[in-house]
Protein chains: 2
Amino acid sequence: MSIQSEAIGRRKSRVGRPAKAEAAARTKETRDAILDVAEEIFSKHGFHGVTTREVARRAHVNTALIHYYFNTKQELFDAVFLRRAEVINAQRIQAMDDYESKLGDKVTVEGAIEAFLHPVLHVLQTGGPHWRNYFALVGLVNSSTAWGGEVMTRYFDPVIHRLIDLLQRAMPKATREDLYWSYNFLSGSLTLSLAETGRIDRLSDGVCKSTDIPAFEPRMIAYAAAGFRRVCEGKKPL
Amino acid sequence: MSIQSEAIGRRKSRVGRPAKAEAAARTKETRDAILDVAEEIFSKHGFHGVTTREVARRAHVNTALIHYYFNTKQELFDAVFLRRAEVINAQRIQAMDDYESKLGDKVTVEGAIEAFLHPVLHVLQTGGPHWRNYFALVGLVNSSTAWGGEVMTRYFDPVIHRLIDLLQRAMPKATREDLYWSYNFLSGSLTLSLAETGRIDRLSDGVCKSTDIPAFEPRMIAYAAAGFRRVCEGKKPL
DNA sequence: AACAAAATTAATCAGCCGATGAATTAATTC
DNA sequence: GAATTAATTCATCGGCTGATTAATTTTGTT
């Protein structure tokens with residue numbers, strides 16, 4: 001609401017080339033306004049469920065502006081995806097590096113998973129609605145066959161491989177096959193939670209709320225760690 | 001391929017009202033041909049990524065026929081979803097009922113999860129490509145915010161609640177909150193696997209294949225059961 | 001053989017889609 | 001203050017979309 005009003009005001013009062021000092025800021029403001037709106041509705045309806053006209057309308061911007069800033073609808077989508085991917089993935093790598101530096105050979109499965117998850121959950125809880133929209137979009141893209149091409153690979157794969165390496169250190173006897181299968185289960189659990197379909201809210205009749213990170217995080221870590229250990233270093237055969 | 005050739009042949013040779021004995025079969029043949037095609041491309045591109053024209057083209061059928069059999073695109077989508085939901089969900093309920101009848105108070109977490117999963121995995125492995133397309137669609141819908149309304153609720157909720165009840169019997173001290181959160185993790189793992197994005201194939205560099213059910217099933221059951229037990233009856237606090 | 005009913009086709013509609021190019025506004029530079 | 005450049009708008013294009021309607025073909029009934 002506040003963002004929209006701002007945008008209206010700005011656009012009505014000043015049009016055309018902005019003052020030198022403001023130029024970059026103005027451009028970025030408009031660009032980000034478009035990206036925020038696109039992010040929100042892409043996350044709800046997917047690429048094909050969104051029209052550039054709708055993005056323009058909700059951002060209180062002329063349709064042609066979208067093509068001015070982002071040549072095509074596809075490039076707009078990629079830009080949405082990229083913007084926050086760079087930020088969050090750097091944080092996740094950093095968190096895992098820090099954790100390993102601190103614990104050395106004493107890394108645990110729980111610790112590794114927490115380092116992997118926590119930056120995401122932290123920003124989900126404190127970063128406002130934009131980040132929630134973003135991760136809902138990541139969740140949607142992640143479970144789509146046709147989607148998640150280059151961008152997904154280029155930015156998310158290193159984070160995943162960093163986690164696998166950490167877990168291999170925590171469980172030296174684990175096979176790569178078991179590690180990757182287990183990671184896939186972890187990834188699914190996270191993806192569905194990020195997507196925030198709200199299905200758990202209805203199923204549990206309000207007992208669980210999909211946005212309740214403090215309830216989610218410890219359970220997610222405990223669940224995944226127990227699963228990893230059972231599959232990767234369980235004594236009884238599968 | 002074979003289906004398409006069949007459809008071409010049939011449609012070129014006979015048009016119009018079919019013989020009485022064949023009438024129902026013919027109608028169902030055409031209907032199912034449309035449903036199969038729709039199922040396949042809906043599962044890859046989602047509702048908005050598919051056009052009725054594309055469905056018609058691939059089914060070798062006139063565009064208007066789609067509206068003749070299924071009034072709207074939306075109803076076509078629902079029909080795709082419903083067709084197999086009735087079949088598989090009956091099987092899953094049956095499997096869980098049978099399991100409980102057999103074990104009574106001795107139900108285990110592993111056993112409950114296996115009864116819940118196995119009908120799906122069985123049909124995935126033996127039911128041909130149609131079922132794989134269907135479950136990819138279920139996976140897609142399940143992780144979408146805007147989608148999965150009535151149909152999802154009406155047909156899948158009973159199966160889920162049946163599982164929760166079984167698990168509650170296996171773990172009498174478990175709280176409903178822990179059970180629902182854990183179920184959500186299980187659901188995510190399954191959903192991502194069903195979606196068959198093939199991401200694990202690439203990540204693991206071919207070590208894991210997303211279509212390899214015999215590798216998937218025992219790990220999935222062991223992983224989820226360990227997770228459930230840790231969250232729902234773990235001794236150490238979360 | 002005549003008639004009715006079902007399945008399928010052909011032609012078309014109104015509307016929205018992504019995208020483009022020319023015009024407009026305003027600030028910067030010289 | 002004229003020329004330049006950036007941001008934004010306006011008007012529009014060709015193409016595709018979901019849907020409808022009226023014909024047409026085939027089949028079943030009597």
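Each chain gets a letter, A, B and so on, in the order its sequence line appears, and its residues count up from 1.
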Inset, instruction - Inspect the contact between Arg58(A) and Asp36(A) and indicate whether a charged nitrogen and a carboxylate oxygen are less than 4.0 angstrom apart. - result: no

Inset, instruction - By nearest nucleotide on DNA chain C, pick out whichever of Ala64(B) and Val50(A) is the more 5' one. - result: Ala64(B)

Legend entry - Separation of dC17(C) C1' from Arg53(A) CZ (nearest whole Å): 6 Å

Legend entry - Pair Asp98(B) + Arg162(B): basic N to acidic O under 4.0 Å: no

Legend entry - Candidates dG18(D), dT9(C), dT8(C) - which lies nearest the side chain of Tyr68(B): dT8(C)

Inset, instruction - Send over the distance from His67(A) NE2 to dC17(C) P, rounded to a whole Å. - result: 12 Å

Legend entry - Verdict with reasoning, Leu166(B) to Phe116(B), per side-chain contact (heavy atoms from CB on, under 4.5 Å): CA-CA 10 Å; Leu166(B) 254 186; Phe116(B) 174 77; over 6 Å; no

Inset, instruction - Could you tell me the separation between the CG atom of Asn62(B) and the P atom of dA23(D), rounded to a whole number of Å? - result: 16 Å

Inset, instruction - Report the distance from atom CD1 of Ile66(A) to atom P of dG18(C), rounded to the nearest whole Å. - result: 9 Å

Legend entry - pair Phe77(A)-Leu137(A): side-chain heavy atoms closer than 4.5 Å: yes

Inset, instruction - Round to the nearest Å and state the distance from Lys28(B) atom NZ to dA7(C) atom P. - result: 14 Å

Inset, instruction - Specify the separation, in whole Å, of atom CD of Glu54(B) and atom P of dT17(D). - result: 8 Å

Legend entry - Tyr69(B) vs dT8(C): side-chain N/O to OP1/OP2 distance below 4.0 Å: yes

Inset, instruction - Check the distance between dC16(D)'s P and Arg57(B)'s CZ and give it to me in whole angstrom. - result: 12 Å

Inset, instruction - Indicate, with a heavy-atom threshold strictly under 4.0 Å, whether Thr63(B) touches base, sugar-phosphate, or nothing. - result: nothing

Legend entry - Distance in angstrom units between Leu76(A) CG and dA19(C) C1', rounded: 14 Å

Inset, instruction - Among the candidates dT9(C), dT8(D), dA19(C), find the nucleotide nearest to the side-chain atoms of Thr72(A). - result: dA19(C)

Inset, instruction - Report yes if some heavy atom in the side chain of Ile88(B) is under 4.5 Å from a heavy atom in the side chain of Phe135(B); otherwise report no. - result: yes

Inset, instruction - Select one nucleotide: of dT8(C), dA19(C), dC17(C), the one nearest the side-chain heavy atoms of Thr51(A). - result: dC17(C)

Legend entry - Short side-chain N/O contact to dT8(C) OP1/OP2 from Thr30(B), under 4.0 Å: yes

